[in-house]
Number of protein chains: 2
Amino acid sequence: MGSSSRRKVSNALGLAVLGLLMESPLHPHAMAATLRERGMDRAFKVSTGSLYDVVRALERAGWIEARETVRVGARPERTVYQHTAVGREEFVRWVDELIRVPADEYPRFLSAVSYLGALGPDGAVAALRERAERVRASLEEIRRAHREAAGQVPRLFVVEVEYALRMDEAELGWIEEIIGEIETGRLAWPAPPESEQADEGGR
Amino acid sequence: MGSSSRRKVSNALGLAVLGLLMESPLHPHAMAATLRERGMDRAFKVSTGSLYDVVRALERAGWIEARETVRVGARPERTVYQHTAVGREEFVRWVDELIRVPADEYPRFLSAVSYLGALGPDGAVAALRERAERVRASLEEIRRAHREAAGQVPRLFVVEVEYALRMDEAELGWIEEIIGEIETGRLAWPAPPESEQADEGGR
DNA sequence: ATCCAAATACTCGGATCCGAGCGATAGGAG
DNA sequence: CTCCTATCGCTCGGATCCGAGTATTTGGAT
């Protein structure tokens, strides 16, 4: 029943760091830069604060290690990290587990839809229309990026984009359907319990 | 481009609390119990610690207020909260915004799929198979709950379950397709750069 | 009567997160 | 030669989160 959480490093950004270091040693700032360049900041929340925390955590866990500390001008030192044998194993184990067992997640939209009723039929349609528009735009953007990347790298390195695309398409489809059902009245709005202010509140 | 975050209370659990209080005054423990009874803990992460924090935050913001503090036996006091006029408005505004503007989210599975390559074709298929199985099971469970609820309450109060269903179905579909593509070799595994330990590391 | 399991109700402190800084330097405009 | 901005690279501290723990009580089973 428990989720997976009792993992030494839980922040997903740690996975990204590990992944990058599989390729070559890097210092934190370069990791952030690389993640953003490659558009991986769509899959991982890259915030500088967390990055340094996570790197420290990975080091404490022995999954990565400082390789050297260089200084270029009189700028802050850069500590370059590299993976360890343990780190390489844990990386694979981590990916494996994340794939195998679905994590409990709580997307904001799901929360909001739980209270769609509060907007009233017209308000709901208006809000959903706006979301649909935004999702469509973002979808277009992702498709563009995907097309562009498709020629450059093996497809394997782009599957996550295809997944994201699929999910967004599914969401958009659902939104459009629901809009339709509200407009045609197939999804009815029960009278809101406005007047039940002084209700007994049974059960 | 900023997300929505500069909101007084950001934890989605606050939305659930507000939603519950729209119906009737409650004390925190009862909120948690109700949320779980109604299966809303699928949409909101209900953890006791956060709950008390969030209630305090909502009170500080003036969206809810303590109504009375009763004591039943010699048990800890229960503070019963109720909504305020401001709270009612903010509740609607909050739902509206959550619907209108998609939040940046970082589902674990997306992170993991970004590194699917690390598992190798066989490992990937094995892991994806297991996930598919689990998703199928959870889907079955949600369908059951939905069927059960469908007779009891107006459909409007179940749309979020339909949404969740849709998304899980989409994920499952994608997983099955990818499994197929790996097995038939349509999704090729580029030779892993194992030997490039002492690589120059271009780009 | 007695004891244990479950329910009631909340608190606490550590872990985590992350944005706003901060100091330095390189590069280009004037 | 000077200034200004963009980039580099990191630190800090507040905010948030949340599981484990505490203490009491009710309701059976024995």
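A note on names: the letters A, B, ... follow the listed sequences, proteins ahead of strands, and every chain is numbered from 1. As the structure is a prediction and not an experimental result, all values here were calculated from the model.
Taking the salt bridge (charged side-chain N to carboxylate O under 4.0 Å, His left out) definition, one finds that E176(A) meets it with R136(A), sequence neighbours left out. Residues forming a ring-ring contact (aromatic ring centres under 6.0 Å, His included) with F109(A) (at least two apart in sequence, or on another chain): Y163(B). In this structure, Y81(B) has no ring-ring contact (aromatic ring centres under 6.0 Å, His included) partners at least two apart in sequence or on a different chain. Not a single ring-ring contact (aromatic ring centres under 6.0 Å, His included) links Y52(A) to another residue, sequence neighbours left out. Residues meeting the side-chain contact (heavy atoms from CB on, under 4.5 Å) test with D53(A), sequence neighbours left out: R56(A).
As a whole-Å value, the separation of Y52(B) OH from dG13(C) P is 17 Å. A straight line from CE of M31(B) to P of dA7(C) spans 21 Å, rounded to a whole angstrom. Rounded to whole Å, atom P of dT25(C) lies 14 Å from atom CZ of R78(A). Residue E37(A) contributes atom CD, which lies 14 Å from atom C1' of dC8(D) at whole-angstrom precision. Rounded to an integer number of Å, the gap from NE2 of H29(B) to P of dT8(C) is 5 Å.
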Please list, for nucleotides 15-18 of chain D, all pairs of protein and nucleotide N/O atoms separated by less than 3.5 Å.
{"from": "dC17(D)", "atom 1": "OP2", "to": "N11(B)", "atom 2": "ND2", "distance (Å)": "3.2"}
{"from": "dC18(D)", "atom 1": "OP2", "to": "S50(B)", "atom 2": "OG", "distance (Å)": "3.2"}
{"from": "dC18(D)", "atom 1": "N4", "to": "D53(B)", "atom 2": "OD2", "distance (Å)": "3.0"}

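One N or O on the side chain of W189(B) and one on the backbone of G117(B) form a donor-acceptor pair closer than 3.5 Å.
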